[in-house]
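Numbering of ligands and ligand atoms starts at 1, following listing order.
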Amino acid sequence: METVVSGIRPTGNLHLGNYFGAVKNFVKMQESHNCYFFIADYHSLTTHPTPADLHGNVRNVLVEYLAAGLDPEKSTLYVQSDVPETAELYLLLNMNAYLGELQRVTSFKDKVRQQPDNVNAGLLTYPTLMAADVILHKATKVPVGKDQEQNLEMMRTFARRFNNMYNKEFFPIPSAFNFGEQLVKVPGLDGSGKMGKSEGEGNAIYLGEDPKKLRKKVMRAKTDSGPTEMNQEKPEAINNLFKLMNIVSGEDTFQHFDDLYNNCQIRYGDFKKQLAEDMITFTEPFRERIADLNSNDEYLAKVVKIGAEKARESAVKTIKEAREIVGFRKFY
Ligand code: TRP
């Protein structure tokens with residue numbers, strides 16, 4: 001079974017875009033791969049060095065991913081900082097990571113622009129920490145989106161370089177896990193582009209969204225004055241709402257409103273009401289599980305503890321071997 005590693009940044013709540021874009025595939029992957037999913041709390045310090053509630057953010061992400069279907073019996077779910085071997089491998093990799101190549105990484109350059117007053121070394125070495133996360137478990141696959149391609153390339157470089165420098169085929173060279181066709185792009189509610197929290201409040205529907213708020217968001221979604229010609233092409237904002245309906249509603253419902261649109265008889269108010277109700281139905285089990293988990297600290301503690309133990313088992317082994325390969329020997 002191939003080993004897969006993926007990190008989850010502890011920021012924000014899961015929305016339908018995250019769910020269909022990645023999380024649902026993580027859930028499926030658990031059946032066929034040896035998966036390590038961790039909450040990247042070390043990484044979060046590169047942008048938020050003094051977080052107001054680091055523990056709360058980590059807990060929140062843990063709850064939502066569990067609610068979405070990550071299963072601690074099938075995967076290893078852990079908190080990055082519970083596995084300090086990560087930091088040691090990061091240190092070793094940093095010795096062979098060069099300023100020039102790190103400075104050329106696009107996401108680093110973006111961050112320099114975004115936070116000019118905090119261009120810290122952690123930001124520069126974000127790719128080495130990411131490499132450590134993955135090769136710590138000798139993983140071969142990394143399920144990441146387009147925005148992480150360069151980080152993945154760096155990861156491969158660092159793994160290869162370690163092997164070359166110490167003359168041993170020690171780390172497998174990880175490659176991207178491509179979801180291909182399975183990736184569903186979820187549009188946002190603001191009429192253009194994809195669902196995302198950075199596109200503004202109201203654009204995203206969260207898995208744990210309160211039904212009242214959900215209705216409000218959907219009813220406020222942008223529409224137009226309606227079709228004027230039979231079977232006319234849908235403008236983007238309308239097409240996006242249909243795409244959302246296609247994701248959360250039954251086929252009959254979708255067909256019903258599609259026909260109304262094509263006959264120029266659609267009433268957007270009814271259409272959006274139906275969309276909102278179907279979204280509420282779709283998200284209901286997530287809301288329930290989130291509430292359940294939130295009131296079960298004991299269970300969360302157990303999940304995290306078992307995850308840390310499993311992750312450290314593999315991490316300790318890798319670090320022990322890596323130390324020997326680099327040349328550290330015990331005097332005692
Ligand atoms: N950088 C990733 C992101 O922003 C999170 C991450 C950290 C990660 N370490 C990783 C992803 C290792 C895959 C593998 O989403």
Side-chain angles (χ1 to χ4, degrees), residues 2-15 17-19 21-23 25-26 29-30 33-48 51 54 57-58 60-62 64-65 68 70 75-91 93-94 97 102 105-111 114-115 120 122-159 171-179 183 194-198 307 311 314-315 318:
E2 270 195 298
T3 298
V4 169
V5 173
S6 192
I8 300 156
R9 270 174 304 158
T11 53
N13 295 91
L14 274 181
H15 52 65
N18 303 130
Y19 181 69
V23 186
N25 293 301
F26 288 179
M29 225 167 172
Q30 301 181 111
H33 292 74
N34 176 28
C35 296
Y36 291 83
F37 298 115
F38 68 93
I39 301 170
D41 56 349
Y42 282 146
H43 281 278
S44 71
L45 296 179
T46 62
T47 51
H48 299 85
L54 182 55
N57 296 341
V58 170
N60 193 42
V61 176
L62 175 70
E64 297 209 341
Y65 274 80
L70 290 196
S75 303
T76 303
L77 307 180
Y78 69 99
V79 178
Q80 189 184 28
S81 63
D82 278 346
V83 183
E85 288 75 19
T86 306
E88 183 166 354
L89 185 55
Y90 167 60
L91 179 146
L93 295 179
N94 269 336
L102 292 168
V105 175
T106 317
S107 49
F108 173 69
K109 291 193 276 191
D110 289 344
K111 283 288 183 292
Q114 288 162 16
Q115 50 181 69
N120 61 71
L123 211 50
L124 180 72
T125 55
Y126 191 108
T128 45
L129 182 52
M130 240 181 108
D133 292 330
V134 171
I135 66 179
L136 187 60
H137 303 297
K138 297 200 174 173
T140 51
K141 288 283 181 231
V142 188
V144 289
K146 269 237 164 298
D147 62 323
Q148 298 291 319
E149 260 169 20
Q150 207 178 8
N151 281 333
L152 184 71
E153 208 38 62
M154 296 298 282
M155 200 181 274
R156 293 162 58 81
T157 300
F158 296 139
F171 291 117
I173 311 303
S175 60
F177 185 96
N178 209 331
F179 291 119
L183 271 199
K194 62 174 195 174
M195 186 173 283
K197 68 176 162 95
S198 50
S314 121
T318 304

| request: Please identify each residue that fulfils side-chain hydrogen bond (donor to acceptor under 3.5 Å, both in side chains) with Asp110, with sequence neighbours left out. | output: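 If we apply the side-chain hydrogen bond (donor to acceptor under 3.5 Å, both in side chains) test to Asp110, skipping adjacent residues, the hits are Arg113.
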
Can you sort out which atoms of ligand 1 are near [X], meaning under 4.0 Å from one of its heavy atoms?
X      : value
Val142 : 13 (C), 14 (C)
Arg9   : 3 (C), 4 (O), 15 (O)
Val134 : 12 (C), 14 (C)

For [atom], the protein heavy atom that lies nearest, with its residue and separation:
atom                    : answer
atom 10 (C) of ligand 1 : Met130 CG, 3.3 Å
atom 5 (C) of ligand 1  : Gly7 O, 3.6 Å
atom 1 (N) of ligand 1  : Tyr126 OH, 2.8 Å
atom 9 (N) of ligand 1  : Asp133 OD2, 2.8 Å
atom 2 (C) of ligand 1  : Gln148 OE1, 3.5 Å

| Residue of the set Leu54, Ile39, Thr11 for which side-chain contact (heavy atoms from CB on, under 4.5 Å) holds with Ser44 |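 Looking at Leu54, Ile39, Thr11, the match for Ser44 under the side-chain contact (heavy atoms from CB on, under 4.5 Å) is Leu54.
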
So, is Ser6 polar-close to ligand 1, with some N/O to N/O distance under 3.5 Å?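 It does not: no N or O of Ser6 is found under 3.5 Å from an N or O of ligand 1.
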
Using a plain distance cutoff, I'd like to know if Asn151 has any nitrogen or oxygen under 3.5 Å from a nitrogen or oxygen of ligand 1.
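No, since none of the N or O atoms of Asn151 sits under 3.5 Å from an N or O of ligand 1.
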
>> Quick check for you: to the nearest 0.5 Å, what is the distance between His48 atom NE2 and Arg9 atom CZ?
In response: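 It comes to 10.0 Å.
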
**Study point:** Atom pair CG (Leu62) and CG (Leu70), whose distance is rounded to the nearest 0.5 Å
**Key:**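 These two atoms lie 9.0 Å from each other.
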
field: Aromatic ring proximity, centroids under 6.0 angstrom, His137 and Phe38
entry: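 No, they do not, as the ring centres are separated by 6.0 Å or more.
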
ask   = When you look for heavy atoms under 4.0 Å from ligand 1, do you find them on the side chain of Val144, its backbone, both, or neither?
value =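 Val144 to ligand 1: side-chain contact only, backbone stays beyond 4.0 Å.
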
ask   = What part of Phe177 sits under 4.0 Å from ligand 1 if we count only heavy atoms: the side chain, the backbone, both or neither?
value =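 Looking at Phe177 and ligand 1, no heavy atom falls under 4.0 Å.
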
**Prompt:** Which of parallel (below 30°), tilted (30 to 60°) and perpendicular (above 60°) describes Phe26 and Phe37?
**Reply:**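 Plane angle under 30°, so parallel.
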
Ignoring hydrogens, what is the shortest heavy-atom contact between Pro174 and Ala139? Give both atom names and the distance.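 Heavy atoms only, the tightest pair is CB-O, 3.8 Å.
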
* Asked: So which pairs with a foot in residues 138-147 pass salt bridge (Lys or Arg N to Asp or Glu O under 4.0 Å), sequence neighbours left out?
  ->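 For residues 138-147, and leaving out neighbouring residues, the salt bridge (Lys or Arg N to Asp or Glu O under 4.0 Å) pairs sorted by first residue read Lys138-Glu321, Lys146-Glu149.
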
